[in-house]
Each structure stands twice: as C-alpha cells, then as structure tokens.
2 protein chains.
Amino acid sequence: MKKKTKDLDFPRPLTTVDLAIFTVAEDALKVLLVERPTEPGEPFPGLWALPGGFVDVDHDMDLEDCARRKLVEKTGVASLYLEQLGSWGNATRDPRDWSVTHAYFSLIAREPLKLRAGANAADARWFPIVGNTVRTRLAFDHAEILGTALQRLRSKVEYTSLPAFMVPKEFTLTELQHAYEIVLGRPLEKSAFRTRVLAAKLVEPVNKLRQGPNRPAQLFRLKNSRTPVYFARTFNPRYDK
Amino acid sequence: MKKKTKDLDFPRPLTTVDLAIFTVAEDALKVLLVERPTEPGEPFPGLWALPGGFVDVDHDMDLEDCARRKLVEKTGVASLYLEQLGSWGNATRDPRDWSVTHAYFSLIAREPLKLRAGANAADARWFPIVGNTVRTRLAFDHAEILGTALQRLRSKVEYTSLPAFMVPKEFTLTELQHAYEIVLGRPLEKSAFRTRVLAAKLVEPVNKLRQGPNRPAQLFRLKNSRTPVYFARTFNPRYDK
DNA sequence: TAAATAGTGTCTCTAAGACATTATTTG
DNA sequence: CAAATAATGTCTTAGAGACACTATTTA
C-alpha cells in the first residue's frame, strides 16, 4: 500500500469487475452465469449471477487485466473479443456497502470449453437468452447489466463483424450468417450478406471444404482476428417512412 | 456507513468521476478543462485536467448522479447529452493510490454559459482540440481519456445526430452541418446532408428566419431533444476498394 | 434422379455523391 | 444591379432487397 495523505481518509466504494460472456450454440445466444455461494454473509446466496469478483489491488495491474484474469478462470479460453461495457455504482446494488462494478463484454466461440466454477462460485452454466434476459432471477443488478450488454451486442451486430468472434476458427459463410441471425433475431438476405462480408475483406478462404449431405461449402477464417470490422451501413435498414 | 462483514476488510481503490465536456464554438471543437490546485499533497499541481472529483459515498446516489452534479457545478448548465465513456483503473494513474475513474462524455451548446471553477480547481477554460488532443499537458491519464472521448465522438458523429446537442436551441441547417464538419474535420455534401436530416425527422422548423446579408435561412429546433437519432448509414462512406 | 444446401445473377429501389440551378435577401 | 448564402433539382452510382436460377454434393 502506498502512503495516504490525510484528506484521502474517507469511505471508498467496493470495487468489482463483472463479465457478460456470450456465445452462440445450439441455435441460441447464450450467456455464462455462475451460482452465488451459500456461505453466511454472502449476498444473494444460490442465485445466478454474471461471473466476476473484487478487484485485487495488490495483484491486478489494471481493470482490464482483472477482467481477463476472471475470463480465463471461468472459461479456460482467452477470448478474442473483450470490451468494456460500462460501470454501475450506487448505494444499494450490494447490500454490504456502496459499490461499483465494472462490466465487461466478451464474445467467445464455443469450441472445446471446459467451464470452471472457480473460487467464488458453486457452479457455472450457459443460459439461453430469451428476449432481453434469461429465465432465472439474477443476483445484484445483473439483470440490468445483462440487458445493457444485449442491447449493445444487438446494436453493434447491425454494423460490425462481432458475430465472427462467436463462431469456430473455420466456418462457412452460411454459418456466419446464421450467427448474425441468431443474435439479431431476424433473417438476413443471403446474397447481400455474402457480398458485404466478402467486400469488407473480413474473411479469407482456407483450402478446405465443409462436407455434408449436399454440395460442400467453402471454409473461411477471419483475416484479422483481433479487431472487428465496421460496415458503413446497417443490415436491413427499415425503410419506414 | 453500513455494517461490514470481516471479509470486506481489504484495500479498496480510490473512486472518482471525470467529465469530457465538448462544445463547438468559433469554428472549433473545444473541451472544458480545469486547473489543478497547487496545495501541498495535491497531485499534478498547476496542470490542466478534465473536471471531476471523488465520488461522495454519503451524498451521491449513483455514479451518473455524481457526474451530473459535477457538470452543473462546472458549467451551470444541465447538459442534454451525457453518456458514460468508460472507466480507467490501475495502480499508477494517481500517485496517491490504486485508483479508478469513471469518465463521462457530455455535449453542450455554448450559449450563455458562465464557467465556474468550483471547489477543487483554480480556473476553468475551453481548450480547442488540435488533432487528437489539446495543446497543453494534462494531469493523470487525462490525455488518454480525452483521446478516447474524441474517438467516440467522431465515430458516433458519422451515424448519429450528436452535433445537434452542441448547437443553440434554434439553428439553421447550415449551422448544424457546420457543427458536423467541425467535429469530423471534413466537408459534407449539402444536399445529401439536408435530405438525410429532414428524412430522419430529427428537426422541425420554427416560425422564424435567421436574417443576414443574404437570403434568410429557416430556423429549426430538435424534435426530440433528449435522445439522439441513429442513421442507417455513415456519412461519406469511403468507397476504397 | 431427388433432395439439399452452396453459390451466383438479375432487376429494383434507396439514398448518397457530384454539381448545377434557382430563390431571396441586403447594400 | 451584384454579392452572398439558402434551398432545390438532376444525373450518376454503390450497395441492399427480393427472388430466381445454377452448381455440386450424397443417398
């Protein structure tokens, strides 16, 4: 701990980090939740919550560092996509004290993926998104945070390549389109979709085909797997006069 | 203060709120800065900084509340546009301790506007944006925060009505276009601009004209002065093959 | 050959880009 | 009248929407 001058001697809020980790699997958008511990003194025992925990001032270099650590702890994968969602802080969200959480937003491809509950959670599980939330009551203000995360995800998917982060490393254009449609909840037009994705140079073909009971499909991979692509237009802009 | 259970007894970061307040004036985009106090123990004495300060756990209901309070303290205006920009937290940004700031992003029209320095600042002043920053060294990591704010502003201006919040209550379409051009740093095509703004039902005419040494211009006001409009396309998408 | 999905082509439509033209005021 | 800016019109173009059509595999 560093030296403190006298005037810093006032109450400070609790500081935590929470993660909204999304994936697409079994034709649904899913979010990763963990079960709150039931030890005495723990708030919201037994309820499901976004994975997260306290910032460890002595070990975390910075907030994003802390978020990445928790992401790996929970999923075992280093997500390609992690962005800050926002912070929620007020006097009542945690019954223990004035608290602030820094919510992060992550997209992962659900490939091997062995879920680990980790220190502060009894169990971890994928919950399908229904409407703007999940079919279970969430701890803290996590329903609100999840709602904001979904809003952000859906609005960004309209003009970015975000779904490409929720798909296996090699994928067909139809599979990518399907990921878009699941997140957006509406069908997209095939030929326009392909033209756009190829024109954006978002993907490049690999020398492999996906076999099936029909014509095999060209497999692609992301050209730049780090940063998303921003399109100049949204999909299907409603021409509502 | 609420009761604390024993396991909450670990070091907590300092928690602050900072504001990037922008306006358009004298053909330039400007940001509001305050001068750091020079009392002993204060970090970065005499340097310019984004206005902000510690979260007051006993008086602030929540973070946004705290941001609004500081905004009014500094500018005397309740901005129509305030959004969260993000949070910056690490061990080194404040020499006093591990600290987290919650940065907010605000747009105001520079009408009457009497700047007030307020408690923790010797002086407050508008600085023109040059490139991605201002022509003075900033305290803390505020140069980075300002850079992120500018990035967010410029990218959002491509597909939203944000500049409408930096223009007086009544304005001509040319004035609005001018605000766009100042933020974006490039000229827009007049006829396309007008068609888009009118088609979006963003503005409505008031029964007044702006007089000048030429043909007078129709004055408009925002139709919904609370929420910005999102366009389905960006301005001038670069057709770079 | 039928079934199934991959992939392309055609025609229309919306809105932007470029730029010219008309409109309305003051001096 | 000239000067100046407001406001609109014309023609072209990029890319989406709708939907048909062709291609290539397995059973």
Side-chain angles (χ1 to χ4, degrees), chain A residues 27 157-161 167-168 170-182 184 186-221 229-241, chain B residues 27 157-161 167 170-181 184 186-221 229-241:
Chain A
D27 287 338
V157 165
E158 294 282 357
Y159 59 92
T160 68
S161 62
V167 125
E170 298 184 346
F171 51 87
T172 69
L173 292 187
T174 303
E175 285 164 3
L176 181 58
Q177 180 177 345
H178 197 53
Y180 270 89
E181 291 172 335
I182 284 170
L184 290 176
R186 69 170 193 269
L188 296 180
E189 213 286 317
K190 182 163 73 165
S191 123
F193 179 83
R194 298 168 92 93
T195 311
R196 173 191 283 219
V197 167
L198 293 173
K201 294 178 191 163
L202 168 62
V203 297
E204 57 189 4
V206 298
N207 196 18
K208 270 186 260 177
L209 299 178
R210 162 92 74 240
Q211 300 295 333
N214 45 38
R215 174 173 171 177
Q218 179 64 52
L219 281 168
F220 292 85
R221 66 166 164 238
V229 168
Y230 287 77
F231 303 116
R233 303 192 189 179
T234 61
F235 285 99
N236 280 351
R238 298 282 190 300
Y239 297 124
D240 32 25
K241 297 275 155 54
Chain B
D27 287 341
V157 165
E158 296 280 359
Y159 59 92
T160 67
S161 62
V167 125
E170 298 185 346
F171 53 85
T172 69
L173 292 186
T174 303
E175 286 164 2
L176 181 59
Q177 181 176 345
H178 198 53
Y180 270 89
E181 291 172 335
L184 291 175
R186 69 171 193 268
L188 295 180
E189 213 287 316
K190 183 162 73 163
S191 123
F193 179 83
R194 300 168 91 93
T195 311
R196 172 190 287 217
V197 167
L198 294 174
K201 294 179 193 160
L202 169 60
V203 298
E204 58 189 3
V206 298
N207 196 17
K208 271 187 259 178
L209 298 177
R210 161 92 73 241
Q211 300 294 332
N214 44 40
R215 174 173 172 178
Q218 179 63 52
L219 281 167
F220 292 84
R221 68 167 163 237
V229 168
Y230 286 76
F231 303 117
R233 303 192 189 180
T234 62
F235 285 99
N236 279 352
R238 299 281 189 301
Y239 298 126
D240 33 26
K241 298 276 155 58

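In what follows, chains are A, B, ... by sequence order, proteins preceding strands, each numbered from 1.
Rounded to an integer number of Å, the gap from CG of A:Leu219 to P of C:dT5 is 17 Å. The CZ-C1' distance, from B:Phe171 to D:dA6, rounds to 16 Å in whole Å. B:Phe193 places its CZ atom 16 Å from the P atom of C:dA18, with the value rounded to the nearest Å. One interatomic measurement links the two molecules: CZ of B:Phe231 to P of C:dT14, which rounds to 19 Å at whole-angstrom precision. A:Glu175 places its CD atom 12 Å from the C1' atom of C:dA6, with the value rounded to the nearest Å. Taking atom CG of B:Leu173 as the reference point, atom C1' of D:dA6 lies 10 Å away to the nearest angstrom. The separation between B:Leu198 atom CG and D:dA6 atom C1' is 13 Å, rounded to whole Å. Per the geometry, CG belonging to A:Leu188 stands 11 Å off C1' belonging to D:dA16, to the nearest Å.
Taking every side-chain heavy atom of B:Ala217 into account, D:dA6 is the closest of C:dT14, D:dG15, D:dA6. Side-chain proximity of B:Arg233 to D:dT25, C:dA16, D:dA6: nearest is C:dA16. Considering only side-chain atoms of B:Arg196, the nucleotide from C:dA16, C:dG17, D:dT24 that sits closest is C:dA16. With D:dT5, C:dT5, C:dG17 as the choices, the nucleotide that has an atom nearest any side-chain atom of B:Ala192 turns out to be C:dG17. Set against D:dA18, C:dT25, C:dA18, the side chain of B:Glu189 has C:dA18 as its closest nucleotide. Among D:dA6, D:dT25, D:dA4, the nucleotide with an atom closest to any side-chain atom of B:Asn214 is D:dA4. With C:dA4, D:dA7, C:dG7 as the candidates, the nucleotide lying closest to the side chain of B:Arg194 is D:dA7. Which of C:dT5, D:dT24, C:dT24 sits closest to the side chain of A:Pro216 comes down to D:dT24.
Checked by distance alone, B:Arg215 brings no side-chain donor or acceptor within 3.5 Å of a matching partner on the base of D:dA4. Judged by distance alone, with hydrogens and angles left aside, A:Ser191 brings a side-chain donor or acceptor within reach of the base of C:dG9, the pair sitting under 3.5 Å.
With a 4.5 Å cut-off on side-chain heavy atoms, B:Val229 and B:Thr160 do not count as touching. Within the 4.5 Å cutoff, side-chain heavy atoms of A:His178 are placed close to those of A:Asp27.
Aromatic ring pairs are classed by plane angle as parallel below 30°, tilted from 30° to 60° and perpendicular above 60°; the pair A:Phe235 and A:Phe193 is parallel.
Using a 4.0 Å heavy-atom distance criterion, B:Thr174 is classed as a sugar-phosphate-only contact.
Mapping A:Pro213 and B:Thr195 onto DNA chain C via the closest heavy atom, the residue that lands nearer the 5' end is A:Pro213.
A salt bridge links B:Arg186 to B:Glu158: one of the charged nitrogens lies within less than 4.0 Å of a carboxylate oxygen.
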Determine whether B:Arg194 and B:Thr174 satisfy the following criterion, side chain to side chain contact (heavy atoms under 4.5 Å, CB included), listing intermediate values before the conclusion. CA-CA 9 Å; B:Arg194 300 168 91 93; B:Thr174 303; 3.7 Å; yes

